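All heavy atoms count here, side chains included; hydrogens, waters and symmetry mates do not. Note that the structure is predicted; figures quoted are calculated from it, not measured.
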Amino acid sequence: MRHRQRHVPVTMGSPRFRTLEATGCTVIEAWFPPNALLPSHTHDRAIFGVMLSGAFDSEIAHRTLDCPRASAWVEPLGERHANHIGRHGAHVLVLQPDASAFEAFSDYLSEVQHLRRAEIAADAWRLARELDAGD
């Protein structure tokens, strides 16, 4: 008999995080402690994540994604994965789009993606700084 695992929040294992509900998506900035292990889990929405600093490895879709600073990745809705946080911890910015608000990107968000681009990380840092703005 299979046990159905509940989805967990993106902040599972993060002792410090902040969240902003924006039109069409949730923005989450989270810090994970060094050498933490986040066991196999799923999320209730697709995520687009960017590593701001630190690193982790993600075991997902029968492969391991190495996610150092400036890496970006997609975890599709319900995709089972585990995260192994690096020795310096991990500081991550995550976007969880509402499926209905981003139909044009549904194909992109339905497959595991992994890339490393400095310009994406720069945009993610700007977005993280916007979380500090009270407006």
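- For the pair Pro97 and Leu109, the tightest heavy-atom approach, listed with the atom from each and the gap, is CG-CD1, 3.6 Å.
- Every salt bridge (charged side-chain N to carboxylate O under 4.0 Å, His left out) that Glu29 has, sequence neighbours left out, goes to Arg18.
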Taking it one step at a time, do Asp44 and Arg6 satisfy salt bridge (Lys or Arg N to Asp or Glu O under 4.0 Å)?
CA-CA 9 Å; Asp44 65 349; Arg6 289 188 350 226; over 6 Å; no

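- Atom CG of residue Leu38 and atom CD1 of residue Ile85 lie 4.5 Å apart, to the nearest 0.5 angstrom.
- Sorted by first then second residue, the ring pair (Phe, Tyr, Trp, His ring centres under 6.0 Å) pairs that include residues 107-127, not counting sequence neighbours, are His91-Trp125.
- Under the rule for a side-chain contact (heavy atoms from CB on, under 4.5 Å), the partners of Thr19 that lie at least two apart in sequence or sit in another chain are Phe17, Glu21, Thr26, Ile28.
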Applying side-chain contact (heavy atoms from CB on, under 4.5 Å) to Arg63 and Val112, what does each step give before you reach the verdict?
CA-CA 10 Å; Arg63 62 186 187 176; Val112 173; 3.1 Å; yes

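- Taking the side chain as every heavy atom from C-beta outward, Phe48 and Ile120 approach each other to under 4.5 Å.
- Looking at residues two or more places apart in sequence or on another chain, you find a salt bridge (charged side-chain N to carboxylate O under 4.0 Å, His left out) between Arg126 and Asp123.
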Less than 3.5 Å apart, which donor and acceptor atoms pair up between the side chains of residues 67-74 and the rest of the protein, not counting sequence neighbours?
| unit_1 | atom_1 | unit_2 | atom_2 | d |
| --- | --- | --- | --- | --- |
| Ser71 | OG | Pro68 | O | 2.8 |
| Trp73 | NE1 | Glu75 | OE2 | 3.3 |

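- Once rounded to the nearest 0.5 Å, the distance linking CG of Leu115 with CG of Leu65 reads 10.5 Å.
- A pairwise comparison of heavy atoms in Ala82 and Ser40 identifies CB-N, 3.8 Å as the closest pair.
- Under the salt bridge (charged side-chain N to carboxylate O under 4.0 Å, His left out) criterion, Asp57 pairs with no residue, sequence neighbours left out.
- Between the side chain of Ser58 and the backbone N or O of Ile60 there is no donor-acceptor pair closer than 3.5 Å.
- Here OG of Ser14 is found 8.0 Å from CH2 of Trp31. Values are rounded to the nearest 0.5 Å.
- His41 places no side-chain N or O within donor-acceptor distance of the main-chain N or O of His7, the cut-off being under 3.5 Å.
- To the nearest 0.5 Å, atoms CD (Gln96) and CG (Leu77) are separated by 10.0 Å.
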